[in-house]
**Student:** 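Okay, here's the structure, questions in a sec.
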Amino acid sequence: MFLVFNDPQAVSQYVSQRLIELIKDRPHAILGLATGSTMEPVYQRFCCDAKEQALDVSKLISFNLDEYIGLSAEHPQSYHYFMNEHLFNHLNFAKQKTFVPDGKPEDVEAHCRQYSQKIVDCGGIDLQLLGIGSNGHIGFNEPGTPFDSRTHVVELSEQTRIDNGRFFDSMDEVPSRAVTIGLQDIMDAHKVFLIATGDNKAQVMLDLYESEVDERMPASVLKKHHNTLFIVDKKAAALLPAAACQYID
Ligand code: GLP
């Protein structure tokens with residue numbers, strides 16, 4: 001079932017409220033965080049609401065999904081930079097507890113192992129936020145990624161590089177590899193919100209709806225996760241049958 005809201009603002013308001021409830025209930029919650037343009041209004045709304053309510057986020061731990069290999073945290077197109085700009089710098093996050101995969105690790109394989117292990121050691125993710133790529137990727141888990149994968153290095157598909165190329169000055173600058181947490185790491189989260197907004201997500205929402213649980217459609221693994229909400233706006237839901245949608249006014 002897809003929860004369908006009017007527009008990205010209504011989606012953001014809903015997600016922000018759910019986040020605030022969780023944090024008030026569990027100040028030490030472990031959040032799984034995502035990047036991408038879908039998340040921008042969500043974080044903006046959350047920062048606004050959190051400030052208004054003087055919410056203390058200093059006890060939270062967060063793990064980001066992914067990072068481009070070759071980009072440092074200071075690179076404006078790195079996901080680390082994105083998180084600082086759109087979320088971490090605006091509230092009293094304890095930076096030493098906001099984990100983002102390192103885009104320039106000395107030993108990338110060791111870094112991957114340690115990243116998944118750290119999530120487990122902290123007690124597991126309470127709420128995982130996800131966007132979705134036009135080919136159904138979540139994090140940077142491209143089609144064909146095994147469902148039992150942990151944090152690993154990926155070769156980005158041409159489609160993903162083209163989609164994400166809009167943030168770079170030229171296609172040459174778009175990294176070809178990334179580190180991403182795996183599909184099993186995502187499935188281990190207690191609760192998952194997959195968020196999609198806009199016309200350009202309508203086709204992938206239909207593909208996801210129609211897909212069996214199949215590694216060719218990475219997001220389809222979430223159909224096996226019993227605490228996942230698919231949160232979309234009307235544009236992203238445009239091709240879905242009404243019976244699959246619960247409209248929220
Ligand atoms: C990137 C990220 C994904 C994100 C996707 C969609 O590839 N690795 O985590 O979900 O882009 O991004 P957008 O929200 O900009 O459409």
Side-chain angles (χ1 to χ4, degrees), residues 5 7-9 11-12 15 31-46 62-71 75-83 85-87 99-103 112 115 125 127-145 149 151-168 171 173-183 185-187 189 192-208 217-222 228-233 235-238:
F5 293 83
D7 50 30
Q9 286 66 41
V11 165
S12 302
V15 176
L31 300 181
L33 299 176
T35 53
S37 40
T38 309
M39 301 310 300
E40 287 181 25
V42 173
Y43 292 148
Q44 198 181 18
R45 179 66 198 239
F46 173 68
S62 69
F63 288 92
N64 261 81
L65 285 167
D66 46 15
E67 181 59 285
Y68 290 113
I69 290 185
L71 303 192
H75 190 289
Q77 263 67 50
S78 74
Y79 286 166
H80 208 138
Y81 190 93
F82 175 102
M83 291 309 297
E85 285 288 292
H86 293 282
L87 184 61
F99 300 105
V100 181
D102 186 349
C112 289
Y115 199 77
I125 289 169
L127 172 61
Q128 175 69 59
L129 302 183
L130 293 176
I132 186 168
S134 62
N135 59 5
H137 73 243
I138 48 178
F140 265 133
N141 291 283
E142 295 281 29
T145 306
S149 52
T151 304
H152 61 286
V153 174
V154 281
E155 291 290 331
L156 300 177
S157 71
E158 211 36 42
Q159 184 61 53
T160 299
R161 291 188 70 242
I162 291 167
D163 288 349
N164 293 359
R166 67 188 192 279
F167 298 111
F168 293 82
M171 278 305 290
E173 291 177 27
V174 185
S176 55
R177 297 195 307 153
V179 173
T180 182
I181 74 168
L183 293 170
D185 297 309
I186 292 172
M187 287 297 280
V192 177
F193 287 179
L194 182 136
I195 306 167
T197 55
D199 299 323
N200 60 336
K201 295 295 163 74
Q203 184 60 49
V204 70
M205 285 298 102
L206 178 63
D207 296 343
L208 171 60
M217 165 53 71
S220 69
V221 72
L222 296 169
T228 289
L229 291 182
F230 297 95
I231 300 169
V232 301
D233 72 350
K235 288 184 173 167

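Every number for a ligand or one of its atoms is a count from 1 in the order of the listing.
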**Student:** Quickly, which of Asp207, Asp199, Asn200 forms a side-chain hydrogen bond (donor to acceptor under 3.5 Å, both in side chains) with Gln203? Name it, please.
**Tutor:**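 Result for side-chain hydrogen bond (donor to acceptor under 3.5 Å, both in side chains) with Gln203: Asp207.
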**Student:** Taking N or O atoms only and a 3.5 Å limit, does Gly133 qualify as a polar contact for ligand 1?
**Tutor:**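 Looking only at distances, the answer is no, because the N/O contact criterion of under 3.5 Å is not met.
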**Student:** Parallel, tilted or perpendicular, judged at 30° and 60°: which one describes the rings of Tyr79 and Phe140?
**Tutor:**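 It falls in the parallel class, under 30°.
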**Student:** Starting from atom 14 (O) of ligand 1, locate the nearest protein heavy atom and write down its residue, its atom name and how far away it is, to 0.1 Å.
**Tutor:**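 Here the nearest protein heavy atom works out to Thr38 OG1, 2.5 Å.
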**Student:** Among Ala34, Gly36, Gly139, which one puts a heavy atom closest to atom 9 (O) of ligand 1?
**Tutor:**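 The option holding the nearest heavy atom is Gly139.
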**Student:** Counting non-hydrogen protein atoms only, what is the nearest one to atom 4 (C) of ligand 1? Give residue, atom name and distance.
**Tutor:**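 Nearest protein contact, heavy atoms only, for atom 4 (C) of ligand 1 is Thr35 O, 4.1 Å.
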**Student:** Which bit of Arg166 gets closer than 4.0 Å to ligand 1, counting heavy atoms only: side chain, backbone, both or neither?
**Tutor:**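 Arg166 to ligand 1: side-chain contact only, backbone stays beyond 4.0 Å.
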**Student:** As an exercise, identify every atom of ligand 1 less than 4.0 angstrom from a heavy atom of Asp66.
**Tutor:**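 Reading through ligand 1 atom by atom, the close ones are 2 (C), 8 (N), 9 (O).
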**Student:** Would you check if Leu130 and Val192 make a side-chain contact, meaning some heavy-atom pair closer than 4.5 Å?
**Tutor:**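 Yes; the side chains approach each other to less than 4.5 Å.
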**Student:** For atom 1 (C) of ligand 1, find the nearest protein heavy atom and state the residue, atom name and distance (0.1 Å precision).
**Tutor:**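 Protein heavy atom at minimum distance: Tyr79 OH, 3.4 Å.
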**Student:** Cut-off 3.5 Å, side chains only: do Thr160 and Glu142 have a donor facing an acceptor?
**Tutor:**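 A pair is found: one side chain offers a donor N or O, the other an acceptor, under 3.5 Å apart.
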**Student:** If you measure every N/O of Asn164 against every N/O of ligand 1, is any gap under 3.5 Å?
**Tutor:**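 Such a contact does occur with ligand 1.
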**Student:** Note the single closest protein heavy atom to atom 16 (O) of ligand 1, along with its residue, its atom name and the distance in Å.
**Tutor:**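 It is Lys201 NZ, 2.6 Å.
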**Student:** side-chain contact (heavy atoms from CB on, under 4.5 Å) between Leu129 and Leu31: does it pass, once the steps are laid out?
**Tutor:** CA-CA 8 Å; Leu129 302 183; Leu31 300 181; over 6 Å; no
**Student:** Taking only heavy atoms of Gly131 into account, list the atoms of ligand 1 that are under 4.0 Å away from them.
**Tutor:**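 Those of ligand 1 that fall under 4.0 Å from Gly131 are 10 (O).
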**Student:** Is there a donor in the side chain of Tyr115 and an acceptor in the side chain of Asp185, or the other way round, less than 3.5 Å apart?
**Tutor:**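 Absent: no donor and acceptor within the cut-off.
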**Student:** Can you tell me if His137 has a non-hydrogen atom under 4.0 Å from ligand 1?
**Tutor:**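 Checking ligand 1 against His137, which is what was asked, there is a heavy-atom contact under 4.0 Å.
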**Student:** Any heavy-atom pair between the side chains of Asp233 and Gln9 that's under 4.5 Å?
**Tutor:**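 No, every pair of side-chain atoms sits at 4.5 Å or beyond.
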**Student:** Which residue and atom name correspond to the protein heavy atom nearest atom 6 (C) of ligand 1, and how close is it?
**Tutor:**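 Minimum-distance protein heavy atom for atom 6 (C) of ligand 1 reads Ile132 O, 3.4 Å.
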**Student:** Counting neighbours of CD on Gln44 that are heavy atoms of other residues, nucleotides or ligands and sit closer than 6.0 Å, is the number greater than 12?
**Tutor:**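 Open: at most 12 neighbouring heavy atoms sit under 6.0 Å from CD of Gln44.
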